[in-house]
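Computation of the quantities below employed the complete heavy-atom set of this structure, encompassing side-chain atoms and omitting hydrogens, waters and symmetry-equivalent molecules.
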Amino acid sequence: MLGEIDKILVSEDELRKINEKLGKEITRDFKDKNLFVLGILKGCVFFMTDLVRHIKLPLCIDFMSVSSYGSSTKSSGNVKIEKDVDIDLSGYDVLIVEDILDSGRTLKYVSEILKTRGAKSISIVTLLDKPERRVADITPDYVGCDVPDEFVVGYGLDYDQKYRNLPYIGQLSRRVYEAEE
């Protein structure tokens with residue numbers, strides 16, 4: 001698999017430090033709030049699991065599964081909810097956990113839906129940010145780190161459902177996906 005990764009962008013150690021830092025910030029900011037952590041599947045699983053271990057507050061969790069990529073390297077812009085939240089969000093301060101924020105279309109769509117469901121507040125934490133790719137008007141409240149405008153995989157992020165299990169964030173070699181496009 002390493003031959004398919006051009007370079008490691010965020011190491012295992014850096015990921016640990018990011019989770020610790022974000023966990024402290026979220027703990028501070030959500031003190032005395034009714035925290036509901038909402039992960040966007042499937043990419044958030046590794047990040048969310050490690051992140052909530054560093055949030056020193058009582059919290060509830062659930063997941064949504066939304067898709068706009070399919071097996072492509074670019075968002076289609078058509079967002080589809082495949083799994084929705086299982087509880088009423090009224091009275092909760094919702095923290096959306098996302099693996100990567102690039103175009104922003106998916107998070108904008110999810111945020112707008114959640115605003116209609118009675119949450120007291122909605123905040124966003126993203127492990128990775130690609131601000132130069134943003135087309136939707138959305139800004140995360142917490143960012144692990146910025147990444148270049150390259151296709152990245154690992155630590156939950158995938159290409160065609162592969163590479164999620166890498167313990168770091170790597171830049172996928174263009175030859176892997178350009179041959180298929």
What are the two closest heavy atoms between I18 and G144, and how far apart are they? CG2-CA, 3.5 Å
So how far is it from L107 CG to T139 OG1, rounded to the nearest 0.5 Å? 11.0 Å
Decide yes or no on side-chain contact (heavy atoms from CB on, under 4.5 Å) for K42 and D158, but give the supporting numbers first. CA-CA 9 Å; K42 298 176 187 169; D158 74 299; over 6 Å; no
Any side-chain heavy-atom pair of D99 and I40 under 4.5 Å: no
Show the nearest heavy-atom pair for residues G154 and I169, with the distance to one decimal. O-CD1, 3.4 Å
Using side-chain heavy atoms (C-beta onward) and a distance below 4.5 Å, is I5 in contact with L172? yes
Got a second to check how far D29's CG is from D141's CG, nearest 0.5 Å? 9.0 Å
Are D88 and S90 close enough that a side-chain donor and a side-chain acceptor fall under 3.5 Å? yes
Between I100 and E98 the two heavy atoms that sit nearest each other are O-CG, 3.3 Å
Rounded distance (nearest 0.5 Å) linking atom NZ of K7 with atom CD of Q171: 5.0 Å
Do the charged groups of R16 and E12 touch, with an N to O distance under 4.0 Å? no
Would you find more than 12 non-hydrogen atoms of other residues, nucleotides or ligands less than 6.0 Å from K108 atom NZ? yes
side-chain contact (heavy atoms from CB on, under 4.5 Å) partners for D50, two or more places apart: N19, R53, Y155
Count I, L, V, M, F, W, Y as connected when their side-chain heavy atoms are under 4.5 Å apart, and connections chain through other members. Are V135 and V143 then in the same cluster? no
Candidates L89, D93, V94 - the one meeting side chain to side chain contact (heavy atoms under 4.5 Å, CB included) with K120: D93
So for atom CG, which belongs to D13, do other residues, nucleotides or ligands contribute more than 12 heavy atoms lying within a distance under 6.0 Å? yes
Any side-chain heavy atom of R134 sitting closer than 4.5 Å to one from L101? yes
Ignoring hydrogens, what is the shortest heavy-atom contact between D149 and E132? Give both atom names and the distance. N-OE2, 3.2 Å
Would you check if I8 and E14 make a side-chain contact, meaning some heavy-atom pair closer than 4.5 Å? no
With rounding to the nearest 0.5 Å, note down the distance linking CG in L157 to CZ in F151. 8.0 Å
Kindly indicate whether the side chain of R174, heavy atoms from C-beta on, has any atom under 4.5 Å from the side chain of E150. yes
Please answer whether the main-chain N or O of V176 pairs with a side-chain N or O of S173 as donor and acceptor at a distance below 3.5 Å. no
Taking the side chain as C-beta and beyond, is there a heavy-atom pair between L15 and L127 under 4.5 Å? yes
Any side-chain heavy atom of M48 sitting closer than 4.5 Å to one from V52? yes
Under 4.0 Å between a Lys/Arg side-chain N and an Asp/Glu carboxylate O for K80 and E82? yes
Value rounded to 0.5 Å, distance of NZ in K17 from OG in S11: 7.5 Å
Evaluate the criterion side chain to side chain donor-acceptor pair (under 3.5 Å) for residue pair Y159 and E4; output intermediate values, then yes/no. CA-CA 11 Å; Y159 170 67; E4 297 165 352; over 6 Å; no
With rounding to the nearest 0.5 angstrom, report the CG to CG distance, L22 to L95. 9.5 Å
Would you say F63 and V37 are hydrophobically clustered, going by side-chain heavy atoms of ILVMFWY under 4.5 Å? yes
side-chain contact (heavy atoms from CB on, under 4.5 Å) for I26 and L51? Distances and angles first, verdict last. CA-CA 10 Å; I26 291 164; L51 176 64; 4.1 Å; yes
Would you indicate whether the side-chain heavy atoms of L128 and F47 approach each other to under 4.5 Å? no
Shortest non-hydrogen contact from G91 to N34? O-ND2, 3.3 Å
Whether over 12 other heavy atoms sit under 6.0 Å from K21 NZ: yes
Shortest non-hydrogen contact between L35 and F30, atoms and distance: CD1-CD2, 3.5 Å
Any donor and acceptor pair, going by atom type alone, linking the side chain of D62 with main-chain N or O of V85 inside 3.5 Å? no
T27 meets the side-chain contact (heavy atoms from CB on, under 4.5 Å) criterion, sequence neighbours left out, with I55, K56, L57
